[in-house]
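Take a look at the structure set out below.
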Amino acid sequence: MNKSDRIYIAGHRGMVGSAIVRKLEAEGYSHLIKASSAELDLRDQAAVQAFFKKQQPQYVVVAAAKVGGIMANKTYRAEFLYDNLMIQSNLIHAAHLFGVEKLLFLGSSCIYPKLAPQPLKEEFLLSGFLEPTNEPYAIAKIAGIKMCEAYHHQYGSRFISAMPTNLYGPNDNFDLEKSHVLPALLRKFHEAKVNGTDQVVIWGTGSPLREFLHVDDLADACYFLLKHYEDPQFVNVGYGEDLSIRALAEMIGEVVGYEGQLVFDESKPDGTPRKLMDVSKLKSMGWSPRIGLREGIRSVYEGYFMQEVAQRLIR
Ligand code: GFB
């Protein structure tokens with residue numbers, strides 16, 4: 001990739017897309033192509049093809065998706081399936097039609113079977129039943145992987161795929177119903193501390209295990225793969241360690257400085273008991289994450305807290 005190449009980051013405003021933009025800008029890439037969802041509805045095939053015809057991107061990163069936590073996935077099943085299938089299919093097909101040199105598709109660790117052996121190796125894909133709460137999203141992402149593989153096979157397209165573990169970082173979604181666990185708990189602990197509430201409700205039993213990767217590490221891995229990876233086989237991108245939701249909540253409480261009680265609401269789903277990624281493939285290529293969980297949580301909390309203060313000032 002040359003610094004003046006035209007690189008389209010689909011989903012540039014999201015947590016992942018904005019991290020990839022930050023990384024490419026830091027590396028001196030001067031021609032980044034962006035379009036907000038108001039400017040370009042990626043579910044509209046004709047609009048996407050007109051955009052590719054006009055912009056002629058040389059590289060494409062598919063960081064646009066309808067995403068959310070366990071309750072959002074459980075609730076909005078049709079939207080998670082339809083929107084993600086349309087977004088990724090339009091982008092991948094347009095990349096083929098308009099001769100994009102290389103495309104990176106981003107999926108998720110939820111593509112693996114609910115009870116697959118741990119840590120999850122890439123070859124475990126489709127070896128068992130999926131986790132019901134996020135099956136629509138997982139099926140969409142598996143279709144994206146298979147589409148990139150099929151275009152590589154039939155047309156020789158340089159379309160590669162990466163499967164990140166649970167992510168967190170700047171620009172995350174802090175909506176308490178639709179977000180993922182880490183930002184949701186950061187907000188819950190912060191508000192409990194500010195409001196003097198004596199307990200924080202954690203969904204589920206607290207026993208599931210989750211792995212967390214800072215989105216700046218993911219962006220670094222994406223840059224690494226764009227530059228060095230040509231194999232159609234998708235690659236796990238993870239941190240390599242996991243912890244229980246209870247331990248995560250205790251860590252977030254310590255970072256926020258909250259000393260109240262944790263209460264577990266078992267009416268909410270636990271989801272997959274564990275989904276630790278086997279990261280040996282990417283490690284063998286020379287990439288490793290750098291941001292530890294506690295320091296990552298602290299930096300995200302500082303950003304969130306400063307935003308809170310700023311918003312209070314303008315209210
Ligand atoms: O992060 P999360 O929503 O998604 O939930 P998944 C992880 C675990 O944290 C679940 C528990 O066991 C939740 O019950 N949890 C505890 C909470 N308190 C909370 C809370 O306040 N909010 C949330 N959201 N969870 C997602 C998939 O699964 O993983 C997505 O649904 C995507 O499609 C993402 O693949 C990476 O990790 O269970």
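Predicted model only: the values in this text are computed from it and were never measured. Both ligands and their constituent atoms are indexed starting at 1 by order of listing.
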Can you run down the side-chain hydrogen bond (donor to acceptor under 3.5 Å, both in side chains) pairs that involve residues 125-138, sequence neighbours left out, and say none if there aren't any?
Lys114-Glu131, Glu131-Thr133
Contacts table for ligand 1: protein N or O within a distance under 3.5 Å of ligand N or O, distances only.
unit_1	atom_1	unit_2	atom_2	d
ligand 1	1 (O)	Val181	N	2.9
ligand 1	3 (O)	Ile70	N	2.8
ligand 1	12 (O)	Asp270	O	2.6
ligand 1	14 (O)	Pro269	O	2.7
ligand 1	18 (N)	Trp203	N	3.0
ligand 1	21 (O)	Lys188	NZ	2.8
ligand 1	24 (N)	Ser179	O	2.9
ligand 1	28 (O)	Lys275	NZ	3.3
ligand 1	29 (O)	Lys275	NZ	2.9
ligand 1	31 (O)	Asn73	ND2	3.2
ligand 1	31 (O)	Asn134	ND2	3.2
ligand 1	33 (O)	Asn73	OD1	3.3
ligand 1	33 (O)	Asn73	ND2	3.2
ligand 1	35 (O)	Ser108	OG	2.7
ligand 1	37 (O)	Asn166	ND2	2.8
ligand 1	37 (O)	Arg210	NE	2.8
ligand 1	37 (O)	Lys275	NZ	3.2
ligand 1	38 (O)	Arg210	NH2	2.9

Output all residues satisfying ring-ring contact (aromatic ring centres under 6.0 Å, His included) with His153, sequence neighbours left out; order by chain, then residue number.
none
Hydrogens and angles aside, do His190 and Tyr304 bring a side-chain donor and acceptor to less than 3.5 Å of each other?
no
Is Asp216 paired with Lys23 through a side-chain N to carboxylate O contact shorter than 4.0 Å?
no
The ring-ring contact (aromatic ring centres under 6.0 Å, His included) partners of Tyr229 (sequence neighbours excluded) come to none
Consider only side-chain N and O atoms of Ser4 and Asn2, and report whether a donor and an acceptor are under 3.5 Å apart.
no
